[in-house]
Protein chains: 2
Amino acid sequence: MSAPRNMLADGPEFDRIRSLLAHAPTPGGTTVRIGPGDDAAVLDDGTVLSIDMAVEDVHFRRSWLSFEEIGYRSAAAALSDLAAMAALPVGVLASFALPSADSEAGADLMRGVATAATVVGAVVLGGDLTRSPAGVVVDIAVIGRADAPVGRAGARAGDEIWVSGELGAAAAAVHAWRAGDTPTPAARAAFARPRPRSREARWLARRVPLRALIDVSDGLAGDAAHIAAASGVRITVDEAAVPVAACVSSAVTDADEALRLALSGGDDYELLFAAPAGSVDEHVDAFMNEFAIKLTRIGGVEQGSGLVLRSASGSERRLSGYQHFEGS
Amino acid sequence: MSAPRNMLADGPEFDRIRSLLAHAPTPGGTTVRIGPGDDAAVLDDGTVLSIDMAVEDVHFRRSWLSFEEIGYRSAAAALSDLAAMAALPVGVLASFALPSADSEAGADLMRGVATAATVVGAVVLGGDLTRSPAGVVVDIAVIGRADAPVGRAGARAGDEIWVSGELGAAAAAVHAWRAGDTPTPAARAAFARPRPRSREARWLARRVPLRALIDVSDGLAGDAAHIAAASGVRITVDEAAVPVAACVSSAVTDADEALRLALSGGDDYELLFAAPAGSVDEHVDAFMNEFAIKLTRIGGVEQGSGLVLRSASGSERRLSGYQHFEGS
């Protein structure tokens with residue numbers, strides 16, 4: 001359920017309220033296997049559902065993306081929530097609010113949504129369109145199926161923490177746009193055309209006893225903290241191991257800034273997971289062969305709470321609460 | 001999928017674009033029993049899904065409703081789409097865009113959504129919350145189940161057209177607000193607290209061979225026209241038979257204006273259906289006893305196309321296309 005967030009960002013107040021709402025009372029609830037507060041809700045019969053809203057000038061700017069890309073990106077972000085449960089994507093419903101009755105814009109948005117659905121083998125099931133007195137709003141609901149959904153809450157001390165792909169590219173694009181620059185094609189594509197890791201997640205779930213799984217939408221640090229909080233463990237991330245996308249370094253000259261984009265830029269939509277020690281290594285090459293993206297071990301799970309970032313020099317910073325890093 | 005619409009209204013351009021989007025290509029589609037374009041989509045396994053967006057100053061004004069009522073009303077409108085398929089409501093997902101990080105507003109919205117869900121026996125499955133640079137936006141996705149969903153396309157020549165409850169009250173409230181008046185409590189409640197006719201629809205579906213079913217969200221005339229178009233028939237509505245809510249007459253002195261609100265005001269969320277001649281009469285009293293609302297026969301189905309409104313004097317007006325009435 002976590003919204004796609006980038007450096008325009010809702011800010012920590014909204015994170016806090018969202019986390020409160022995620023625990024709103026669910027009357028009855030006998031049909032809910034995994035309820036609000038995870039990436040998606042899971043019903044008794046394995047139906048997986050999530051919803052994700054993107055608002056102009058919060059999640060994107062119209063000067064950055066075409067309507068088709070806005071539709072694609074919004075649907076991909078929602079579909080990424082299904083990947084985060086290792087669910088099979090089935091369908092997409094899309095609501096659009098548009099400032100004017102521009103039929104081309106509506107059709108372009110829907111075309112982008114349909115493309116994102118097709119990429120993961122899902123179909124467009126319906127939609128709504130309404131007038132917006134202000135900016136563009138896109139809200140996407142997704143439905144999938146999972147016999148064995150993987151939530152956030154199962155990480156245990158001794159597990160390893162892994163991430164798919166490379167991080168920071170989408171944030172590098174936002175960084176460039178905000179500075180008045182043109183992002184590199186790779187960075188722009190990462191922001192405009194994220195690929196939901198649906199097949200990757202199900203591939204992994206069939207081979208590795210995944211303990212906890214999330215998609216990196218809020219940024220690696222924030223999402224690792226979500227797993228730590230849901231699982232009641234401490235997660236330590238080795239900063240030197242974080243796979244920073246090559247295009248990040250060309251967007252920012254400072255290595256610290258590049259790492260910051262990879263750790264907390266958000267919008268990466270890669271898979272972050274906890275798995276028993278030694279259970280992933282044997283699959284790394286096959287994963288790379290199958291999907292042409294990396295799997296990288298970036299840390300581990302201990303008893304305790306919160307997130308610890310360990311620098312190359314061995315110093316540790318502890319993440320406590322929302323977005324506040326303390327030195328230690 | 002039709003948006004709740006009232007006299008603030010998206011306007012016909014949006015109706016037209018929405019109807020185009022509703023027929024956006026659905027790749028694959030083997031799992032879709034009833035696709036986009038009906039009130040909700042139905043999958044092979046009887047899963048029913050719909051989505052419905054409400055935007056400030058298009059569907060409601062903040063000066064008219066509390067946040068709790070905005071949440072309730074938005075969820076009720078979406079749940080009404082499940083009723084329109086004779087589906088059992090299961091769950092609700094809610095996305096909110098709010099101008100400021102007002103946690104009370106977010107909680108109030110969610111409380112309203114949860115109340116609407118509870119009223120029909122559904123649960124809140126999840127949600128999203130984001131910042132809105134402009135007004136409030138609420139988008140609601142609903143999931144239900146129907147072994148025998150009733151679409152819009154089955155009306156046949158010789159069928160009767162029936163409607164539940166009374167019409168025009170919500171539109172009377174909007175009419176009063178727009179005139180700077182205070183709506184009557186009954187009219188206000190109809191706008192702020194519509195009750196999705198979920199139980200009513202399933203009760204009817206068990207007893208009557210419903211041929212076509214829709215909820216009255218766009219207004220009786222518009223929704224009857226939807227059934228006519230989907231079924232490839234002509235529907236004639238006897239204006240004298242239309243059950244105009246009592247509070248409508250107290251809001252407008254002119255009887256023609258009262259009828260106009262009942263015919264095209266929208267936001268009634270009553271059930272409009274086609275059934276074989278003589279199949280409903282025997283159930284009218286039991287329906288009234290069970291639900292304390294009326295069932296009224298308001299017209300019939302013939303071969304042809306479009307919607308005909310027959311006045312008390314016998315003159316006929318034909319509705320052709322969107323919102324354009326021609327005398328005849």
Side-chain angles (χ1 to χ4, degrees), chain A residues 1 3 10-11 13-14 16-18 20-22 24-29 31-32 35-36 40-41 43 47 49-59 90-91 93-97 101 103 106-107 110 114 117-118 121 123-135 137 139 141 143, chain B residues 1 3 10-11 13-14 16-18 20-22 24-29 31-32 35-36 40-41 43 47 49-59 90-91 93-97 101 103 106-107 110 114 117-118 121 123-135 137 139 141 143:
Chain A
M1 312 286 153
D10 283 341
E13 298 80 22
F14 275 87
R16 207 173 300 122
I17 302 167
R18 192 181 299 128
L20 292 174
L21 294 184
T26 55
T31 59
V32 183
L43 306 187
T47 299
L49 294 157
S50 188
I51 196 164
D52 205 36
M53 185 175 267
V55 175
E56 181 175 354
D57 292 337
V58 177
H59 301 94
V90 172
L93 297 107
S95 286
F96 308 129
S103 64
M110 190 54 104
T118 305
V123 299
V124 176
L125 293 170
D128 194 8
L129 172 73
T130 183
R131 184 165 62 84
S132 165
V137 180
D139 194 48
I143 182 169
Chain B
M1 311 286 152
D10 283 341
E13 297 79 23
F14 275 88
R16 209 172 300 122
I17 302 167
R18 191 182 300 128
L20 291 174
L21 294 185
T26 56
T31 60
V32 183
L43 305 187
T47 299
L49 294 157
S50 189
I51 195 164
D52 205 35
M53 183 175 269
V55 174
E56 182 175 354
D57 293 337
V58 177
H59 300 94
V90 172
L93 298 107
S95 284
F96 308 129
S103 63
M110 191 53 106
T118 305
V123 300
V124 176
L125 293 170
D128 194 9
L129 173 73
T130 182
R131 184 164 63 83
S132 165
V137 180
D139 194 49
I143 181 170

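The chains referred to below are lettered A, B, ... by the order of the sequence lines, with proteins before strands, and numbering in each begins at 1.
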Peer 1: Would A:Leu125 and B:Leu43 satisfy side chain to side chain contact (heavy atoms under 4.5 Å, CB included), going step by step from the backbone distance to the final call?
Peer 2: CA-CA 9 Å; A:Leu125 293 170; B:Leu43 305 187; 3.5 Å; yes
Peer 1: Taking all atoms of both residues into account, what is the closest heavy-atom pair of B:Pro133 and A:Val55, and its distance?
Peer 2: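 Here B:Pro133 and A:Val55 meet closest at CD-CG1, 3.5 Å.
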Peer 1: What are the two closest non-hydrogen atoms of A:Ser95 and B:Asp52, and how far apart are they?
Peer 2: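 It is OG-N, 4.2 Å.
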Peer 1: How long is the gap from CZ on A:Arg131 to CE on B:Met53, to the nearest 0.5 Å?
Peer 2: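 Rounded to the nearest 0.5 Å, the CZ-CE separation comes out at 14.0 Å.
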Peer 1: Let me confirm one number: the CD1-OG1 distance from B:Ile143 to A:Thr47, rounded to the nearest 0.5 Å.
Peer 2: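 Interatomic distance, B:Ile143 CD1 to A:Thr47 OG1, rounded to 0.5 Å: 5.0 Å.
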Peer 1: Distance from A:Ile51 atom CD1 to B:Leu93 atom CG, nearest 0.5 Å?
Peer 2: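 One gets 5.5 Å once the value is rounded to the nearest 0.5 Å.
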